[in-house]
J.: 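Below you'll find the structure I mean.
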Amino acid sequence: MANEKPNYYQQVYDVTRQIPYGKVSTYGAIANFLELGSARMVGWALNKSFSGGDAAVPAHRVVNRKGELSGRIHFPSPTMMQQLLENEGVIIENHTVQNFNQHFWDPTENI
DNA sequence: TCTTTGACGTACA
DNA sequence: GTGTACGCCAAAG
């Protein structure tokens with residue numbers, strides 16, 4: 001049988017994939033947009049995306065409410081997330097996104 | 001089957 | 001302004 005995956009996982013992947021280059025989003029914003037009710041679900045879904053690898057999900061563009069790269073520890077290399085963001089023009093300092101408000105991308109604005 | 005943890009966020013003291 | 005506690009829902013042990 002085909003893998004019956006929860007829809008919300010796919011939705012999280014889709015929303016995360018829609019994040020434009022040089023932009024970042026937050027777990028709370030995505031959770032609120034998908035009405036998951038919990039930002040943790042977004043993190044769980046993204047965590048699975050690494051193993052699942054169903055789609056190239058730019059999880060490095062998703063940060064917490066504080067703009068901190070809380071998920072960097074789940075990456076192959078903790079510095080990889082920062083390197084990717086800096087490569088996109090996002091300033092990272094102390095594992096935190098500078099000018100976060102400027103780089104913040106809201107899914108509701110895209111939809 | 002039950003318990004604990006988990007890429008967060010908000011509320012209250 | 002800072003620190004602690006709780007809530008959300010799901011998955012792995």
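Below, chain A is the first sequence line, B the second, and so on; all start at residue 1. Atoms considered below: every heavy atom in the structure, side chains included; atoms not considered: hydrogens, waters and symmetry mates.
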J.: Whole angstroms only, please: what is the CG-P distance between A/L46 and C/dA10?
T.: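 In whole Å, C/dA10 P and A/L46 CG are 16 Å from each other.
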J.: Dump every N/O contact between nucleotides 7-9 of chain C and the protein below 3.5 Å, one line per pair.
T.:
unit_1 : atom_1 : unit_2 : atom_2 : d
C/dG7  : O6     : A/R40  : NH1    : 3.2
C/dG7  : O6     : A/R40  : NH2    : 3.4
C/dG7  : N1     : A/R40  : NH1    : 3.2
C/dC8  : O4'    : A/S38  : OG     : 2.7
C/dC8  : N3     : A/R40  : NH1    : 3.2

J.: Hey, is the main chain of A/V57 close enough, under 3.5 Å, to the side chain of A/R17 for a donor-acceptor pair?
T.: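 The answer is no, because no donor-acceptor pair under 3.5 Å joins these two groups.
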J.: For A/F50 and B/dA7, give me the distance from atom CZ to atom C1', rounded to whole Å.
T.: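 For the pair A/F50 CZ and B/dA7 C1', the rounded distance is 9 Å.
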J.: Quiz question: by atom type and distance under 3.5 Å, do the side chains of A/T96 and A/N94 form a donor-acceptor pair?
T.: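 Per modelled atom types, A/T96 and A/N94 side chains form no pair under 3.5 Å.
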J.: What's the CD-C1' distance between A/E35 and C/dA10, to the nearest Å?
T.: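 Nearest whole value for this atom pair: 18 Å.
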J.: Tell me: NZ of A/K66 to P of C/dG3, nearest whole Å?
T.: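 Taking atom P of C/dG3 as the reference, NZ of A/K66 is at 11 Å.
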J.: Between A/R61 (side chain only) and A/P58 (backbone N and O only), is there a donor and an acceptor less than 3.5 Å apart?
T.: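 No, because the side chain of A/R61 does not come within donor-acceptor range (under 3.5 Å) of the backbone of A/P58.
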J.: Among the candidates B/dA7, B/dG9, C/dA11, find the nucleotide nearest to the side-chain atoms of A/N64.
T.: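 Selected nucleotide: B/dG9.
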J.: Between C/dG3 and B/dA7, how many Å separate the two C1' atoms, rounded to a whole number?
T.: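 Comparing C1' positions in C/dG3 and B/dA7 gives a spacing of 23 Å.
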J.: Atom CG of A/L84 and atom C1' of B/dA7: how far apart are they, to the nearest Å?
T.: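 After rounding, the reported distance stands at 15 Å.
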J.: State which residues pass salt bridge (Lys or Arg N to Asp or Glu O under 4.0 Å) with A/E86; sequence neighbours excluded, sorted by chain then number.
T.: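 Testing A/E86 for salt bridge (Lys or Arg N to Asp or Glu O under 4.0 Å), a comparison that skips the adjacent residues, returns none.
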J.: What is the nucleic acid contact for A/A31, judged by heavy atoms within less than 4.0 Å: base, sugar-phosphate only, or nothing?
T.: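 Touches nothing.
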J.: Using a strict threshold of under 4.0 Å (side-chain N to carboxylate O), is an ion pair present between A/E88 and A/K23?
T.: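 A/E88 and A/K23: not salt-bridged.
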J.: Check the angle between the aromatic planes of A/F104 and A/F100 and answer parallel, tilted or perpendicular using the 30° and 60° thresholds.
T.: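 Ring orientation of A/F104 relative to A/F100: tilted.
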J.: Quick one: does A/Y13's side chain have a donor or acceptor within less than 3.5 Å of a partner on A/A45's backbone?
T.: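 Confirmed, A/Y13 side chain pairs with A/A45 backbone.
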J.: Taking all atoms of both residues into account, what is the closest heavy-atom pair of A/Y27 and A/L46, and its distance?
T.: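 Minimum heavy-atom separation between A/Y27 and A/L46: CE2-CD1, 4.0 Å.
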J.: Could you identify which residues of residues 23-30 of chain A place a heavy atom less than 4.0 Å from some atom of DNA chain B, listed by residue number, or say none?
T.: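 Residues of residues 23-30 of chain A that come under 4.0 Å of DNA chain B are, in numerical order, A/Y27, A/G28.
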J.: On a heavy-atom basis, which atom in A/A29 and which in A/P107 lie closest, and how many Å separate them?
T.: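 Here A/A29 and A/P107 meet closest at O-CG, 3.9 Å.
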J.: Calculate the interatomic distance between A/N47 atom CG and B/dT5 atom C1'; express it in whole Å.
T.: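 It works out to 12 Å between those atoms.
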J.: Does A/K48 have a side-chain nitrogen or oxygen under 4.0 Å from the phosphate oxygens OP1 or OP2 of C/dA12?
T.: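 A/K48 to C/dA12 OP1/OP2: side-chain N or O found under 4.0 Å.
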J.: Rounding to a whole Å, what distance do you find between A/F100:CZ and B/dC8:P?
T.: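 In whole Å, B/dC8 P lies 13 Å from A/F100 CZ.
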